A.B. asks: 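Input: one structure, supplied below.
The shown structure was predicted, so the numbers you read here are calculated from the model rather than taken from an experiment. Computed from heavy atoms alone, side chains included, the values below leave out hydrogens, waters and symmetry copies. Per chain, numbering begins at 1; letters A, B, ... match sequence-line order.
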Amino acid sequence: MFHFQLIITAIRGLQQNLLRSILATIGVIIGVGAVVSAVSILQGAQRDVLDQFESLGADQLIIVDGKREHGGVTSSVQALVPDDAEKIQQENTELVLRVSPQYQGGGQIKYYQQNVNGFILGVTETYAPMNSYKVDTGRFISREDVRGSTMVTVLGYGVAQDLFGSLPPVGKNVKINGKSFIVIGVMEKKGTLGFLNVDEQAIIPLSTAMARMFGQKYLSMLNVQCTSAAAIPACLEGINQTLRVSHRIRSGTKDDFTIYTQEQMKQRFAQVAKIFGVVLYSIAGISLLVGAIGIMNIMLVSVTERTREIGVRLAVGARRFDILKQFLIEASIISLFGGALGVVAGWAMANFLGEFTQVIKTYTPPIIIVASLIMAIFVGVVSGIYPAIRAARLDPVQALRYE
Amino acid sequence: MIRASQLSKHYHMGESVVRALDCVDLHIPHGQFVSIIGSSGSGKSTMMHIMGCLDRPTSGTVEIHGQTINSMSEKRMALLRNNEIGFVFQTFNLISRTSALDNVLVPLMYTRRSFSSKPAIEALDRVGLSKRAKHKPSEMSGGECQRVAIARAIVNKPKLLLADEPTGNLDTHTGTQIMNIVHELHEDGMTVVLVTHEMDIAVQAERMIEMKDGKIVADTAVDAARRAEILKLNQDAHQSLFRKKSLHPPSSKPLPPQMEAR
């Protein structure tokens with residue numbers, strides 16, 4: 001027997017102590033909400049990062065510092081120098097299209113009273129074409145700028161906006177970390193590129209950045225564009241050879257650099273995402289567990305409170321299964337209702353975080369909505385089953401006498 | 001028809017054994033109105049619970065409408081309670097959060113038939129409460145609550161009505177009202193077993209069984225002439241009650257002079 005009357009009875013049962021039912025529902029809302037927002041944030045981040053990798057291009061390689069293990073401690077070895085870029089290009093002309101050595105630091109960019117904190121990126125003339133990143137006004141850094149370590153800068157779109165507003169920035173003098181630079185160009189609006197918001201950076205010649213600004217000998221990284229995606233294995237081989245010779249690494253000794261392909265980066269990221277996923281989902285899972293305990297708690301109280309009612313129902317012909325069903329339906333209503341609201345709350349929360357931080361991009365996969373609701377019902381049934389069994393096991397005579 | 005033979009029910013209270021029923025033999029033919037009287041602890045309630053399929057005897061057999069309940073499954077017992085037995089309790093035992101009609105609907109939820117609220121409306125009509133169907137128990141008097149409880153007991157048209165001190169929580173007038181309904185149901189052919197400790201109520205039955213310490217100590221047929229007299233008195237009392245009510249409805253009571261002055 002299953003009809004509408006059962007659901008009405010369950011709803012009336014919940015209405016009897018509305019506040020308590022609402023509190024239990026809130027528990028479920030928080031639990032399911034946590035799951036949905038965790039999934040949304042993680043999925044969003046994953047998508048975002050994968051997009052970033054795609055924007056790097058399948059024909060690109062990234063060379064960063066190598067790792068050295070010494071007595072169980074892993075440290076990075078700084079070994080990449082600007083000369084490496086030249087050598088890679090010259091010794092692999094068939095395979096390498098462009099090499100972009102980069103040095104990245106931070107600093108303050110100032111124009112009279114206006115100032116912005118941003119990234120200071122030292123690059124050569126290859127940086128813009130390699131990333132299909134164009135200048136909006138003025139020109140980009142040239143080979144001569146790099147050779148002569150000139151004090152010129154190309155501002156990111158956001159920096160230019162912040163410092164100059166509607167004024168034309170080209171030709172003006174700005175101070176970067178206290179040093180005077182002439183603005184030679186402004187980049188187009190791009191957003192993020194290789195995990196950085198490039199609109200918020202100032203680009204200067206590589207030599208200027210390393211020698212005159214930061215006083216550094218080693219590069220942050222080298223970006224290599226191969227002639228095609230198919231040339232990547234040969235390219236890896238060639239670059240490896242060049243760098244080992246250039247860094248005078250004896251055979252049998254480990255590299256002092258690491259080369260990543262787009263695919264390897266993706267894999268590495270997947271590992272990191274996994275760790276974050278475990279942490280986020282654990283927290284969400286705990287919230288859900290707390291919600292489930294909340295339901296079980298109110299159901300147990302409800303069973304005790306309604307002992308006489310259970311006795312009456314048994315006396316007028318309810319089977320034990322009918323009583324079990326009634327309490328299970330009540331628990332399921334709480335969890336389903338809470339689950340539905342939790343999906344909305346979690347989605348709203350994720351979107352709010354996305355809007356508020358402007359960093360997190362969220363994506364709620366439709367499947368998660370269905371999964372959350374199924375999970376919510378599961379939680380309801382699991383947490384309701386013990387109280388329901390207790391209700392169904394009551395002795396009718398005892399239950400009728402219960403005060 | 002109820003037939004009990006050598007019926008015993010023992011409870012363990014710590015070390016000692018309480019013999020709530022001790023080798024009771026009893027036969028109640030179909031359509032009889034029986035009252036069971038006795039002090040508390042005499043075993044009358046236990047007797048009723050076993051007759052009502054709410055409890056199982058420790059030993060002995062019980063047959064209700066030809067079905068032995070000793071070996072019956074829980075499911076069968078529930079079905080029997082649902083279809084063949086109606087319970088009325090001293091404390092009404094209504095579900096307070098729902099209306100009178102919803103309370104009467106409860107047994108219908110557990111029948112195997114398709115659900116319809118029509119029998120519930122009929123049952124409420126039978127106890128004269130069809131106009132109070134939407135009221136909650138807290139909005140009704142004790143007598144009305146007990147009438148709702150009776151409607152609930154008879155909604156599935158059972159053959160046996162078990163009433164446990166149905167007038168115990170009511171004043172004499174209201175109790176009389178309830179008893180009149182019980183008499184009507186009996187006249188319609190229901191077997192009625194009524195547990196009470198009030199002699200005035202007990203003598204209204206056709207047969208009076210007295211219990212003490214789990215045993216039947218007296219089993220007497222009530223003198224028909226005396227019974228008729230009591231019933232007549234009841235009817236009159238009931239009617240005079242109604243007459244009084246119609247003559248002086250509470251709203252038309254004259255206000256005390258000082259209140260009128262305001």
A.B. asks: Walk me through it: do A:Arg12 and B:Asp102 pass the test side-chain contact (heavy atoms from CB on, under 4.5 Å)?
C.D. replies: CA-CA 11 Å; A:Arg12 291 230 175 95; B:Asp102 282 326; 2.9 Å; yes

A.B. asks: Strictly less than 4.5 Å between heavy atoms, which residues of residues 300-314 of chain A line up against chain B? Please order them by number.
C.D. replies: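 Near chain B, by residue number: A:Arg306, A:Arg308, A:Glu309, A:Val312, A:Arg313, A:Leu314.
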
A.B. asks: Considering residues, nucleotides and ligands other than A:Tyr386, do more than 12 of their heavy atoms fall under 6.0 Å from its OH?
C.D. replies: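 No, OH of A:Tyr386 has 12 or fewer neighbouring heavy atoms, counting only those of other groups under 6.0 Å.
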
A.B. asks: Out of curiosity, B:Ser73 OG to A:Arg319 CZ, how far, rounded to the nearest 0.5 Å?
C.D. replies: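 These two atoms lie 10.5 Å from each other.
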
A.B. asks: For A:Tyr281, I'd like to know if atom OH has over 12 heavy atoms of other residues, nucleotides or ligands within 6.0 Å.
C.D. replies: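 Buried by this count: over 12 neighbours within 6.0 Å.
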
A.B. asks: Check this for me: B:Phe89, atom CZ, are more than 12 non-hydrogen atoms of other residues, nucleotides or ligands nearer than 6.0 Å?
C.D. replies: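 More than 12 within 6.0 Å, yes.
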
A.B. asks: Determine whether more than 12 heavy atoms belonging to other residues, nucleotides or ligands lie under 6.0 Å from atom CG of A:Leu18.
C.D. replies: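 Yes - once you tally the heavy atoms of other residues, nucleotides and ligands closer than 6.0 Å, there are more than 12.
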
A.B. asks: Measuring heavy-atom distances to chain B, does A:Gln398 have an atom under 4.5 Å in its side chain, in its backbone, in both, or in neither?
C.D. replies: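 Neither part; nothing is under 4.5 Å.
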
A.B. asks: Contact part of B:Leu105 toward chain A, heavy-atom cut-off under 4.5 Å: side chain, backbone, both or neither?
C.D. replies: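 Looking at B:Leu105, just its side chain touches chain A.
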
A.B. asks: Enter the distance from B:Thr98:OG1 to A:Gln16:CD here, rounded to the nearest 0.5 Å.
C.D. replies: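 One finds 9.5 Å between OG1 of B:Thr98 and CD of A:Gln16.
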
A.B. asks: Anything in residues 287-298 of chain A with a heavy-atom distance to chain B below 4.5 Å? Please list those residues in order.
C.D. replies: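 Hits under 4.5 Å: none found.
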
A.B. asks: Between A:Leu400 and B:Leu54, is there a side-chain heavy-atom distance shorter than 4.5 Å?
C.D. replies: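 They are in side-chain contact.
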
A.B. asks: Tell me, for B:Asn156 versus chain A, whether the close heavy atoms (under 4.5 Å) come from the side chain, the backbone, both or neither.
C.D. replies: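 Contact with chain A is absent: no heavy atom of B:Asn156 under 4.5 Å.
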
A.B. asks: Do you know which two heavy atoms are closest between B:Ala78 and A:Ala318, and how far apart they sit?
C.D. replies: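 What the structure gives for the nearest pair is CB-O, 3.8 Å.
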
A.B. asks: Would you say CE of B:Met140 has more than 12 non-hydrogen atoms from neighbouring residues, nucleotides or ligands within 6.0 angstrom?
C.D. replies: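 It does: B:Met140 CE has more than 12 such atoms within range.
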
A.B. asks: Going from OG1 on A:Thr9 to CZ on B:Arg97, what distance comes out if it is rounded to the nearest 0.5 angstrom?
C.D. replies: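 Nearest 0.5 Å value for the OG1-CZ distance: 8.0 Å.
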
A.B. asks: Would you indicate whether B:Tyr11, at its atom OH, is surrounded by more than 12 heavy atoms from other residues, nucleotides or ligands within a distance under 6.0 Å?
C.D. replies: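 Yes, OH of B:Tyr11 has more than 12 neighbouring heavy atoms, counting only those of other groups under 6.0 Å.
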
A.B. asks: Do other residues, nucleotides or ligands put more than 12 heavy atoms under 6.0 Å from the OH atom of A:Tyr363?
C.D. replies: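 For A:Tyr363, atom OH is crowded (more than 12 foreign heavy atoms under 6.0 Å).
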
A.B. asks: Please check if atom NZ in B:Lys212 has more than 12 non-hydrogen atoms from other residues, nucleotides or ligands closer than 6.0 Å.
C.D. replies: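 It does not: B:Lys212 NZ has 12 such atoms or fewer within range.
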
